Amino acid sequence: MKAICPGSFDPITFGHLDVITRAATLYDEVIVAVGTNLAKKNLLSQNQRIDLIRQACAGLDNVQVSAVSGLLVDYCRDNGVRVIVKGLRSATDFEYEVQMAHVNSVLAGIETVFLPSAPQWSVVSSTMIREVARLGGDVSSFVPAAVATGIRRALDQQS
Ligand code: PNS
């Protein structure tokens with residue numbers, strides 16, 4: 001069965017990678033879908049995010065990375081995906097994720113499966129990493145080395 005791990009991944013973190021890796025053991029094929037959350041101010045372009053995810057997931061044979069520009073459920077319908085997999089860190093995540101799961105279920109009958117975040121990554125967020133990186137901090141405890149380098153390059157280009 002094909003599953004999809006959607007997110008804005010700005011940037012991908014060790015927490016995301018843990019969920020993607022676990023999804024890849026549960027499903028035959030996993031698509032990491034890089035969408036845009038209109039409520040968030042991006043640090044990386046969609047192409048930069050995709051490039052860094054590809055590097056981070058290079059060792060996972062049944063994982064592919066793709067951009068999603070419209071509704072996630074339309075992408076799922078067009079690509080034969082029946083399950084959305086999301087990581088849950090906290091009750092706050094749960095409230096937001098359950099709303100999205102419900103909307104996606106009503107729109108297209110697609111199921112969402114939640115995986116509990118690994119304890120060591122339960123307080124790591126892309127939002128926090130963006131802030132630390134923008135202020136010159138070291139984010140290498142939270143993201144793969146190639147991602148930390150990619151973020152630094154993107155920030156250098158912006159300044
Ligand atoms: O990592 P995020 O920011 O929580 O990811 C949110 C994302 C990109 C998965 C969500 O905004 C999404 O699915 N966007 C695609 C457009 C869509 O289908 N919106 C309706 C979701 S209920």
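All values below were derived from every heavy atom in this structure, side-chain atoms included, with hydrogens, water molecules and symmetry-related copies excluded. Along the sequence shown, residues are numbered consecutively beginning with 1. Note that the coordinates shown come from a computational prediction; the quantities given were computed from them, not determined experimentally.
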Enumerate, atom names and distances included, each donor-acceptor pair closer than 3.5 Å involving a side-chain atom of residues 130-141, sequence neighbours excluded.
unit_1 : atom_1 : unit_2 : atom_2 : d
Arg130 : NH1    : Asp10  : O      : 2.8
Arg130 : NH2    : Thr127 : OG1    : 3.4
Arg134 : NH2    : Asn42  : O      : 3.4
Asp138 : OD1    : Ser140 : N      : 2.9
Asp138 : OD1    : Ser140 : OG     : 2.7
Asp138 : OD2    : Ser140 : OG     : 3.2

Identify the two heavy atoms, one from Arg77 and one from Ala108, that lie closest to each other, and give their separation to 0.1 Å.
NH1-CB, 4.2 Å
Any non-hydrogen side-chain atom of Met1 less than 4.5 Å from a side-chain atom of Val83?
yes
Is any side-chain heavy atom of Thr21 closer than 4.5 Å to one of Val63?
no
For the residue pair Val85 and Ala23, what are the closest heavy atoms and their distance?
CG1-CB, 4.1 Å
Taking all non-hydrogen atoms of both residues, which atom of Leu115 and which atom of Arg22 are closest, and how far apart?
CB-NH2, 3.9 Å
Could you check if a side-chain atom of Phe9 sits within less than 4.5 angstrom of a side-chain atom of Val65, using non-hydrogen atoms only?
no
Same apolar cluster (I L V M F W Y, side chains within < 4.5 Å links), Ile53/Leu60
yes
Taking Asn79's backbone N and O only, do any of them form a donor-acceptor pair with Lys2's side chain (distance below 3.5 Å, no angle check)?
yes
Co-membership, hydrophobic cluster, residues Val34 and Ile84, 4.5 Å side-chain
no
Quick check: closest heavy atoms across Ser122 and Arg89, and the distance to 0.1 Å?
O-CB, 3.5 Å
Result of checking Leu17, Leu52, Val30 against Cys57 for side chain to side chain contact (heavy atoms under 4.5 Å, CB included)
Leu17
Test item: Val123 and Met128 side chains (from C-beta on) under 4.5 Å apart, heavy atoms
no
Once rounded to the nearest 0.5 Å, what's the spacing between atom CG of Leu44 and atom CG of Leu155?
8.0 Å
Does some side-chain heavy atom of Pro6 sit less than 4.5 Å from a side-chain heavy atom of Val68?
no
Applying the 4.5 Å side-chain criterion to the ILVMFWY set and letting contacts propagate, would Val113 and Val81 be lumped into a single cluster?
no
To the closest 0.5 Å, what do you measure between CG (Asp93) and CZ (Phe114)?
9.5 Å
Does a sphere of radius 6.0 Å around CZ in Arg54 hold more than 12 heavy atoms from other residues, nucleotides or ligands, not counting ones at 6.0 Å or beyond?
yes
Are Val103 and Met100 close enough that some pair of their side-chain heavy atoms sits under 4.5 Å apart?
no
Give a yes or no on whether the backbone of Thr13 and the side-chain of His16 come within a donor-acceptor separation of less than 3.5 Å.
yes
Taking C-beta and beyond as the side chain, do Val32 and Ile12 meet within less than 4.5 Å on heavy atoms?
no
Check whether Gln158 reaches the backbone of Leu43 with its side chain - one donor and one acceptor, N or O, closer than 3.5 Å.
yes
Residues Thr36 and Gln46: closest non-hydrogen pair is OG1-NE2, 4.2 Å
Measuring from Gln99:CD to Glu95:CD, what's the distance to the nearest 0.5 Å?
8.0 Å
Which heavy atom of Ala146 sits nearest a heavy atom of Gln55, and at what distance?
CB-OE1, 3.3 Å
Rounded to the nearest 0.5 Å, how far apart are NZ of Lys86 and SG of Cys5?
9.0 Å
Rounded at 0.5 Å granularity, tell me how far CZ in Phe142 sits from CD1 in Ile129.
6.5 Å
Can a donor-acceptor pair be found, under 3.5 Å and without considering hydrogens, that links the side chain of Ser105 to the backbone of Ala101?
no
Presence of salt bridge, Arg152 and Asp156, under 4.0 angstrom:
no
Within a strict 4.5 Å, meaning less than it, do heavy atoms of the Glu29 and Gln64 side chains meet?
yes
Do Leu88 and Ile110 sit in one hydrophobic cluster, given that two such residues count as connected whenever their side-chain heavy atoms are within less than 4.5 Å of each other, even indirectly?
no
Working to the nearest 0.5 Å, report the span between OG of Ser66 and CD1 of Ile4.
7.0 Å
More than 12 foreign heavy atoms under 6.0 Å from CD of Gln120: is that the case here?
yes
Does the Asn62 side chain pair with the main chain of Tyr27, one donor and one acceptor, at a distance under 3.5 Å?
yes
